[in-house]
Structures are given as structure tokens and as C-alpha cells.
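First listed ligand is number 1; within each ligand, the first listed atom is number 1. We number each residue from 1, following the sequence as shown.
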Amino acid sequence: MQYTAPGRVNLLGEHTDYTGGLVLPMAIPFATTASISAADAGYRFTSTAFENTRDTYAGDDTPKANDWSDYPVGVLRELLALGLEVPPFSLNLDGDVPLGAGLSSSASIEVATTVALLHHSKASLSAQEMALLCQRAENRYVGSPCGIMDQFVVTAAIEGHALLLNTRDLSFEHLPMNSGALAECSVVVANSMVKHSIANGDYGTRRNELEVGQAAICQAYPQVRDLGDASMEQLEACRSAIPAESYLRCKHVITENARVREAAESMKRGDAAALGDAMNRSHASQRDDFQDSVAEIDFLAATAVTLYGCYGSRLTGGGFGGCTVNLVLTTAAESFQRDLASAYRKRYQIDAEIYRCTPSDGAVARLERNA
Ligand code: GLA
């Protein structure tokens, strides 16, 4: 049996998903497929993209392999921790989500594995439980301190829609991406080919800096639960009590939450220009305040907005490389792709991969469609 989970691109709301904030991602047509068959004994993981086979009983003392197989093994461990009886299996992962590009190849592997193992074990979990289980697998076993955005959208997205998610209480809304002027637009993802990994230190450092600022605000204002509640006035009042980096990280997150609210309204009105403007301001905030961009990405974003038909461009995902996401008039998408790639090649001698992405189904909707 085969089970599929997509990658995702985040339209807006970056680094807001581990301090109770808002995010606005969508699933993309790239996906991971988990093919599972019953086995006589043990648990075996293979991957079409990598040569090594991982055989494991997934006990408490299972050491990490520090490769792709830690993601599905982490998921298996979390399912076993729930008390699920998982019969022996052989599971192969295959897919086309670009690796290390900030398009959630990890979450897509985790969610495809979860769906496959649940079906193999004749068990079920709600979409929310699946997403949280995958996040635990990544936090506890893989050791990446990620938030909940990726696993949630990869599980719960539906075709034609972006997903507005409140990461504090996990309430969400599917926002159609075809109203008004948005119907004339495409989401174009430009891969800088500069590798990004959230398992390395930069993501964790930013997260710590942010949490220092959040703790100071929550202490000064007991009614504030997390940065999702905090205002710029409250941050300014705490400014002298926190390091300069923490101030900048919090400034990004507080203003980013406001931009997501604004962007969700623009999306409902079908106002592509307003959505694009929020994306551009988000990029400036990441570049200057959160400081998770790199020169190649800044070049892609700055060049994109000079090209005909582009409403907005920004760094998407964990940062420090990866991709930009662009909102572009569909009739201009082809020339946009060509001109952006050519400017990038001229400046960096790198061939960017540029993809037009339609908002796609998450793993649950895929399963229901195939049922
Ligand atoms: C990575 C993480 C997410 C989120 C983004 C930044 O993709 O997995 O949880 O924090 O970075 O918005």
C-alpha cells in the first residue's frame, strides 16, 4: 500500500510557530510516498534516494543514525510510545520534495510514514494528533527544535487553499486562494540551492534569543501568554531588560503576527497587491530583524520585485538558505521564472530551480480522495 504526504511552502508567518503565533502556509505538489508491506519480523526502512537500509526494533535505546532514516524511526518510536501494536513491516520512502530547501521534506517524510504505519496497524489518529506526533518525533528523536506549522499543514491542507493556523490552540481556517485578483496569480517558489538545515545551530539560536525576550515580556505582563499576545508597546517597555538580539527577534515575530492577520484579510478580499506588500515587508523584517536570510536569498527577493507581474517575494521556511516564495501574475509567470533564473545565474553562477506551485491536498485529504 502507498501513502502520500506533500511538502509545503509558507506564504507568511515565519518563526512565529513556537511562540503561539500565526502562520499561513499551503501544501505544494511535491510529495513523499511511503510504500509499506507486511514482513515476517522486525521493522525495515529503505529509501529510493539513499542506499542504506535501516533495520530496527525501535526500542528506547535505539541510537540515531544521523541520516534520513531518523525521521521515520522517530515516528515509529512515537507510535510505539502511544502503546500502538505495530506488526512487522518493510517501508520504502520515495519522493520529489527538494531536500534541505525549506519546503518541509522532513515533515512530509514524517507524515507519510505516520499515515502508512497507522493503516498498517489498523489504527487511526486525528489530523491534529498526527501532526503533534510528527513534531514530537522531530523534537525528541531527530533533535530539531521545530514548531508545529510544517507537520500541521502537510497533514491538514486542502487543495486550492492556504491554511491559516493559530499555533497556540491549533485552531485553523482554510482560506481559498482564488478570490478576486488572486485568481489571476500563481505561487512561484525559487530555490536558491543554498542548503538549509534546521538541525544545525542557527535555528536553535534564533529560537533561544526569541524565548529570552518572550520570557521578559510575560514576566512584566502576566496577562501575556506568549508572543502571540504581545504588542510592540510591551516589547518597547521591556527593551532595556533584554539583549539587543532578543529585541530584534521579538520585533520580527510581533510584527509578523500582525502581517499574517492583515494578509489573511487581504486573501479573503482577493487583494493580491496587499498580500504581496505584506510578503515584501515580511522579507525586510526577516532580513533586518530576525536575521535569518543570506545574500543569495536577499538577491532573489530584491530582483523578483523588480520583474513584471511580481506582487511580493520573501524568504520562506526555516531560513539561512532555501527558497523564496513569490506571488506572480500567472500570465507573467513564465517570463518571471526565466528572468529571475538568468539574473541569479549571472550574479552567483548558480542555476536556481524555480517551480510554480498550486495549493495542494495534505495527507488526510489525499487519503480521503483515494478511499
Ligand atoms: C521550519 C520549522 C517550522 C517553522 C519554520 C519557520 O520550517 O520546521 O516549525 O518554525 O522553520 O517559520
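- Ligand 1 has no nitrogen or oxygen under 3.5 angstrom from a nitrogen or oxygen of Asn10.
- Checked for salt-bridge contact, Asp361 and Arg366 miss the test: no charged N lies under 4.0 Å from a carboxylate O.
- Residue contacts with ligand 1: Gln286 is excluded, as none of its non-hydrogen atoms falls under 4.0 Å.
- With sequence neighbours excluded, the residues satisfying salt bridge (Lys or Arg N to Asp or Glu O under 4.0 Å) with Glu173 are Lys268.
- Here is the list of ligand 1 atoms found below 4.0 Å of a heavy atom in Gly147: 9 (O).
- Within ligand 1, the atoms closer than 4.0 Å to a non-hydrogen atom of Met149 are 4 (C), 5 (C), 12 (O), numbered from 1 in the order shown.
- Residue contacts with ligand 1: Asp150 is placed with a nitrogen or oxygen under 3.5 Å of a nitrogen or oxygen of the ligand (distance criterion only).
- Of the heavy atoms in Arg8, only side-chain atoms (C-beta onward) come closer than 4.0 Å to ligand 1.
- Relative to the ring axis of Tyr247, Arg239 places its NZ or CZ within 45° and under 6.0 Å from the centre.
- In summary, the atoms of ligand 1 found under 4.0 Å from a heavy atom of Cys146, numbered by their order in the structure, are 2 (C), 8 (O), 9 (O).
- For the residue pair Glu184 and Thr330, no side-chain donor N or O sits within less than 3.5 Å of a side-chain acceptor on the partner.
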List, one per line, each side-chain donor-acceptor pair under 3.5 Å for residues 78-90, sequence neighbours excluded.
unit_1: Glu78; atom_1: OE1; unit_2: Arg136; atom_2: NE; d: 3.2
unit_1: Glu78; atom_1: OE1; unit_2: Arg140; atom_2: NH1; d: 3.1
unit_1: Glu78; atom_1: OE2; unit_2: Arg140; atom_2: NH1; d: 3.3

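- Distances below 4.0 Å separate heavy atoms of Tyr18 from the following atoms of ligand 1: 10 (O).
- Salt-bridge formation is detected for the pair Asp277/Arg281: a Lys NZ or Arg NE/NH1/NH2 atom is positioned less than 4.0 Å from an Asp or Glu carboxylate oxygen.
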